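By convention in this document, chain letters (A, B, ...) are assigned in the order of the sequence lines, proteins followed by strands, and residues within each chain are numbered from 1. These numbers were taken from a predicted model, which means no experiment stands behind them. Every heavy atom of this structure was used, including side-chain atoms; hydrogens, water molecules and symmetry mates were not.
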There are 2 protein chains.
Amino acid sequence: MGVTKTEIFTDHQNRVAELAKAFAHPARVAILQLLAERKACVCGDLVDELPLAQATVSQHLKELKRIGIIKGDIDPPRVCYCINEPVWEEARTLFGNVLDAFISSPTCC
Amino acid sequence: MGVTKTEIFTDHQNRVAELAKAFAHPARVAILQLLAERKACVCGDLVDELPLAQATVSQHLKELKRIGIIKGDIDPPRVCYCINEPVWEEARTLFGNVLDAFISSPTCC
DNA sequence: TTACTTTATCGTATTATTGCGATGAATTAA
DNA sequence: TTAATTCATCGCAATAATACGATAAAGTAA
């Protein structure tokens, strides 16, 4: 069928999965790193820094905006992108939730 | 083309993406949570706890094993699964690396 | 041996993702 | 007005991912 059954999982699980998707492609990791490491917005030169076609970069940016982890401010004819801090913190919190839930045990395999 | 160009990204970026993929589907988040919250291994009853077919769960487990974040010990006819601690820590470290690289700035959009 | 249990794999259908050339939209500059 | 710039979107092609029924594989128990 090929369709993820989101309705059978919790909102928390679905949101973790969606935020993880933001980091689940190396191009998006690269974009997020470029945006995170700068104090100012990045106006479009993302295409120059990535060895991908402009259309492809735009598509990744669209996906990141859909998830909410970045935002774009229009400054014609450019668009300035930056990290959307509340969602970045949400990712930190949710990933932390999941990763900290692990309890190590010597009786395990 | 539909093929991720892994060769044009750094090893770090590719590994972050691969580890993120482990968390990028709600069923895998659910599996990882079940394994993380238990001190002992989980022998197969994952299928009973997830509203997915046995084949589907097995496929997700295979993907998680491929990434390395879980391991399975054969205890015929069962297989006991648990978190692979070093890789779990790797995920914590790499996600931390990326998430902590963000520098908030009031001059940003 | 013959069931039975448990898990993995195969085959298939369907949808999602990745990538890019071409084009469109919106603004600026000449 | 006419380019030029910048980014988004469209359309297409190809691969990846999701899901599940059916079957195979590997062991135990009778």
Side-chain angles (χ1 to χ4, degrees), chain A residues 1-9 13-14 17-32 34-35 41-67 70-82 109, chain B residues 1-9 13-14 17-32 34-35 41-67 70-82 109:
Chain A
M1 308 216 165
V3 173
T4 297
K5 298 179 158 182
T6 57
E7 72 280 2
I8 63 178
F9 299 104
Q13 287 163 343
N14 282 315
E18 187 158 63
L19 287 170
K21 218 176 266 185
F23 296 89
H25 189 285
R28 292 197 291 271
V29 173
I31 290 172
L32 292 171
L34 285 167
L35 295 181
C41 288
V42 175
C43 291
D45 30 317
L46 288 168
V47 175
D48 299 327
E49 310 220 31
L50 297 171
L52 290 171
Q54 183 263 329
T56 305
V57 175
S58 190
Q59 205 166 353
H60 282 302
L61 289 168
K62 185 182 180 184
E63 176 66 5
L64 292 172
K65 271 194 285 189
R66 189 190 63 75
I67 294 169
I70 69 169
K71 54 184 177 177
D73 255 35
I74 296 171
D75 176 26
R78 298 161 199 278
V79 178
C80 290
Y81 293 100
C82 61
C109 50
Chain B
M1 308 214 168
V3 174
T4 297
K5 297 179 158 183
T6 56
E7 71 281 3
I8 63 177
F9 299 103
Q13 288 164 342
N14 282 316
E18 188 158 62
L19 287 170
K21 217 175 268 183
F23 295 90
H25 189 286
R28 291 197 292 271
V29 173
I31 290 171
L32 291 171
L34 285 167
L35 295 181
C41 288
V42 175
C43 291
D45 29 318
L46 288 167
V47 176
D48 299 327
E49 309 219 32
L50 296 171
L52 291 171
Q54 183 265 328
T56 305
V57 174
S58 189
Q59 207 165 352
H60 282 302
L61 289 169
K62 186 181 177 184
E63 176 67 5
L64 292 172
K65 271 193 286 188
R66 189 191 62 76
I67 294 169
I70 68 169
K71 53 184 175 177
D73 253 36
I74 297 172
D75 176 24
R78 297 161 199 278
V79 178
C80 290
Y81 292 101
C82 61
C109 51

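- Minimum interatomic distance between B:F23 and B:L32 (heavy atoms only, all atoms of both residues): CE2-CD1, 3.6 Å.
- A:L52 comes within contact range of the sugar-phosphate backbone alone, with a heavy-atom separation under 4.0 Å but no base atom that close.
- Residue B:D73 contributes atom CG, which lies 16 Å from atom C1' of C:dT6 at whole-angstrom precision.
- Of the inter-residue distances, the one linking B:D45 atom CG with B:C80 atom SG reads 9.0 Å to the nearest 0.5 angstrom.
- To the nearest angstrom, P of D:dT9 lies 14 Å from CZ of A:R66.
- The separation between A:R28 atom CZ and C:dT18 atom C1' is 9 Å, rounded to whole Å.
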Where protein sits on nucleotides 21-28 of chain C, one letter per nucleotide: B base, S sugar-phosphate only, - none, heavy atoms under 4.0 Å: BB----SS
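- Rounded to whole Å, the distance from CZ on B:R78 to P on C:dT6 is 5 Å.
- Separating the CD atom of B:Q59 from the P atom of D:dA16 is a distance of 14 Å, rounded to the nearest angstrom.
- Note on B:K65: a side-chain N or O is less than 4.0 Å away from OP1 or OP2 of C:dA8.
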Donor-acceptor pairs are to be reported for all side-chain atoms of residues 49-63 of chain A against protein atoms at under 3.5 Å, with residues two or more places apart or in another chain.
from	atom 1	to	atom 2	distance (Å)
A:E49	OE2	A:R38	NH1	3.4
A:E49	OE2	A:R38	NH2	3.1
A:H60	ND1	A:R28	NH1	3.2
A:E63	OE1	A:R66	NE	3.2
A:E63	OE2	A:R66	NH2	2.9

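- Annotation for A:A24 and B:K21: closest pair O-CE, 3.8 Å, computed over non-hydrogen atoms.
- Atom pair A:D45:CG and D:dT5:P shows a separation of 16 Å (rounding to whole Å applied).
- The two atoms that bring A:E18 and A:I67 nearest to each other are O-CD1, 3.6 Å, heavy atoms only.
- Rounded to whole Å, the distance from CD1 on B:I31 to C1' on C:dT7 is 14 Å.
- Of the inter-residue distances, the one linking B:L64 atom CG with B:L35 atom CG reads 8.0 Å to the nearest 0.5 angstrom.
- Side-chain nitrogen and oxygen atoms of A:H60 include at least one within less than 4.0 Å of the OP1 or OP2 phosphate oxygen of C:dG19.
- An OP1 or OP2 oxygen of C:dA8 is reached within less than 4.0 angstrom by a side-chain nitrogen or oxygen of B:Y81.
- To the nearest angstrom, C1' of D:dT6 lies 13 Å from CG of A:L46.
- Within residues 18-27 of chain A, no residue approaches DNA chain D, by heavy-atom distance under 4.0 Å.
- In this structure, B:S58 reaches the C:dA8 phosphate: one of its side-chain N or O atoms is under 4.0 Å from OP1 or OP2.
- Counting heavy-atom neighbours within 6.0 Å of A:I74 CD1, excluding the residue itself, gives a total of 12 or less.
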